[in-house]
Amino acid sequence: MKAIFFRSYGGPEVLEYGDLPDPVPGDNQVLIDVHASAVNPRDWMLRAGTYVGRPLVRGWPKVPGSDVSGVIAAVGRDVRRWKAGDEVFGMQTLFGNMGGYAEKICIDQSAIAHKPADVSHVAAAATPVAALTALQALEDLGRVGEGSRVVVVGAAGGVGHYAVQIARIRGAEVTGVCSAGNVEFVRGMGAARIIDYREERFNDVLDGQDVVFDTIGMENLASCRGVLASNGTYITTIPGPRTAAETARSMVRERLGLGGRRARVIMVAARGADLERIGRWLASGELRSEIAAEYPLEEAAEAQRQSRTFRTRGKIVLRVR
């Protein structure tokens, strides 16, 4: 199979395009003929050697990529739900060794979902890591529901634009924090209020919020304390030392029944059941993927350079077939 891989850590120039052996599915895995694969920050962090999960991506050469959409080519002996020919999308599991930047990938049967017929492989591939992060942060950690007040920092980005939409689907009132150039885009995603971070700090003008979802890791519980309601939650995608300490302290308080404002770090899980819900939202039009750019697989280095700017609206996707 054709794949993008690297033999040593470094810049985009270490990425190679060439042939690797086809993967073979394990007992509980499916082999997918990949049609599209999304680019996520974890991909270029792995390439640079800075990804926190890099010890789990074993062996050399390494193939980046966690998100794919495609068609099942074969199934492992213990797979019952899926069959060859099924169109699916999914996220590689924590111990799955990445592998999405390739024509074929093996993924555990629990980590995939049916791709809706009317949703393109590109739109489906864009969702798993980013939309699952948004869903699990808002639902599992933030307990967002009807009438919740939610702030999404980085509202135009990959995780952020899904978070705005999913919070809206769950009945929340959403404030999006973004640049002036993305105001109308974020409003179109469902945000009731927009704050241009270059003009004012949301920390100075908001209060009583149930959740601050910081998708870019620029804040912390202390900086958002005045924004949050008395039992509100600060959630971030970036597990820095300060937030780790704040999370530990707030979890102890919660166990002691003391309540108060909480800090949490979202560690996304590859859940097929959650992806099925995302697929239904995509099919109904309640959720949509904003595609910032599409690149052929062999131009993955350029795709990662664009992702690294953190100026992308929505998602970057690699076309594989």
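We count residues from 1, following the sequence as given. What's counted below: heavy atoms across the whole structure, side chains too, no hydrogens, waters or symmetry copies. The structure presented is a predicted model; accordingly, all values stated were derived computationally and were not measured.
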Judged by atom type as modelled, is there a donor-acceptor pair below 3.5 Å linking the side chain of [X] to the main-chain atoms of [Y]?
{"X": "Asn182", "Y": "Ala156", "result": "no"}
{"X": "Thr175", "Y": "Ile194", "result": "no"}
{"X": "Asp27", "Y": "Asp78", "result": "no"}
{"X": "Arg7", "Y": "Glu16", "result": "no"}
{"X": "Glu246", "Y": "Ala263", "result": "no"}
{"X": "Lys62", "Y": "Val57", "result": "yes"}
{"X": "Glu294", "Y": "Val122", "result": "no"}
{"X": "Thr237", "Y": "Thr215", "result": "yes"}
{"X": "Arg170", "Y": "Val144", "result": "yes"}
{"X": "Arg47", "Y": "Phe6", "result": "no"}

- Item | Verdict with reasoning, Gln136 to Val268, per side-chain contact (heavy atoms from CB on, under 4.5 Å) | CA-CA 7 Å; Gln136 292 167 13; Val268 64; 3.7 Å; yes
- Task: Scan Tyr9, Tyr101, Phe310 and name whichever one has a ring pair (Phe, Tyr, Trp, His ring centres under 6.0 Å) with Trp44.
- Result: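 One option only clears the test, and that one is Phe310.
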- Task: Check the pair Gln165, Glu286 against side-chain contact (heavy atoms from CB on, under 4.5 Å), reporting the backbone distance first and the verdict last.
- Result: CA-CA 8 Å; Gln165 296 176 83; Glu286 294 177 276; over 6 Å; no
Side-chain contact test, heavy atoms from C-beta onward, threshold under 4.5 Å: evaluate it for [X] versus [Y] and give yes or no.
{"X": "Lys83", "Y": "Val75", "answer": "no"}
{"X": "Pro61", "Y": "Leu20", "answer": "yes"}
{"X": "Arg249", "Y": "Leu221", "answer": "no"}
{"X": "Met189", "Y": "Val152", "answer": "no"}
{"X": "Phe213", "Y": "Val159", "answer": "yes"}
{"X": "Arg253", "Y": "Arg262", "answer": "no"}

Check [X] against [Y] and note the closest heavy-atom contact, atom names and distance.
{"X": "Met1", "Y": "Pro23", "result": "SD-CD, 3.6 Å"}
{"X": "Gly76", "Y": "Pro25", "result": "N-CB, 4.3 Å"}
{"X": "His35", "Y": "Gly70", "result": "CD2-CA, 3.8 Å"}
{"X": "Ala191", "Y": "Gly176", "result": "CB-N, 4.0 Å"}
{"X": "Gly226", "Y": "Asp207", "result": "O-CB, 3.6 Å"}
{"X": "Gln92", "Y": "Ala270", "result": "O-CB, 4.1 Å"}

- Message: Could you walk me through whether Ile112 and Ile32 satisfy the side-chain contact (heavy atoms from CB on, under 4.5 Å) test, starting with their C-alpha distance in whole Å, then the side-chain angles of each, then the deciding distance to 0.1 Å, before giving a yes or no?
- Response: CA-CA 10 Å; Ile112 59 174; Ile32 298 172; 4.2 Å; yes
Decide if atom [atom1] of [X] counts as having more than 12 heavy atoms of other residues, nucleotides or ligands within a radius under 6.0 Å.
{"X": "Asp204", "atom1": "CG", "answer": "yes"}
{"X": "Arg311", "atom1": "CZ", "answer": "no"}
{"X": "Arg58", "atom1": "CZ", "answer": "yes"}

Taking a hydrophobic cluster as the set of Ile, Leu, Val, Met, Phe, Trp and Tyr residues connected by side-chain heavy atoms closer than 4.5 Å, whether directly or through intermediates, do [X] and [Y] fall within one such cluster?
{"X": "Val174", "Y": "Leu206", "result": "no"}
{"X": "Tyr162", "Y": "Ile316", "result": "no"}
{"X": "Leu94", "Y": "Ile107", "result": "no"}
{"X": "Ile105", "Y": "Val71", "result": "no"}
{"X": "Val150", "Y": "Val227", "result": "no"}

To the nearest 0.5 angstrom, please state how far the [atom1] atom of [X] sits from the [atom2] atom of [Y].
{"X": "Asp22", "Y": "Leu31", "atom1": "CG", "atom2": "CG", "result": "7.5 Å"}
{"X": "Leu275", "Y": "Asp67", "atom1": "CG", "atom2": "CG", "result": "8.5 Å"}
{"X": "Cys106", "Y": "Asn28", "atom1": "SG", "atom2": "CG", "result": "12.0 Å"}
{"X": "Leu135", "Y": "Asp274", "atom1": "CG", "atom2": "CG", "result": "5.0 Å"}
{"X": "Leu15", "Y": "Glu302", "atom1": "CG", "atom2": "CD", "result": "11.5 Å"}
{"X": "Met218", "Y": "Ile238", "atom1": "CE", "atom2": "CD1", "result": "10.5 Å"}

Indicate whether the side chain of [X] and that of [Y] have a donor and an acceptor atom separated by less than 3.5 Å.
{"X": "Ser148", "Y": "Arg143", "answer": "no"}
{"X": "Asn220", "Y": "Tyr234", "answer": "no"}
{"X": "Tyr295", "Y": "Gln306", "answer": "yes"}
{"X": "Asn40", "Y": "Arg42", "answer": "no"}

- Message: Between Glu139 and Arg271, does any side-chain N to carboxylate O distance fall below 4.0 Å?
- Response: no
- Query: Parallel, tilted or perpendicular: which describes the rings of His114 and Trp82, with under 30° parallel and over 60° perpendicular?
  - Reply: tilted
- Kindly determine whether Ser179 and Arg198 satisfy side-chain contact (heavy atoms from CB on, under 4.5 Å), including the steps that lead there. CA-CA 7 Å; Ser179 65; Arg198 290 177 176 147; 3.8 Å; yes
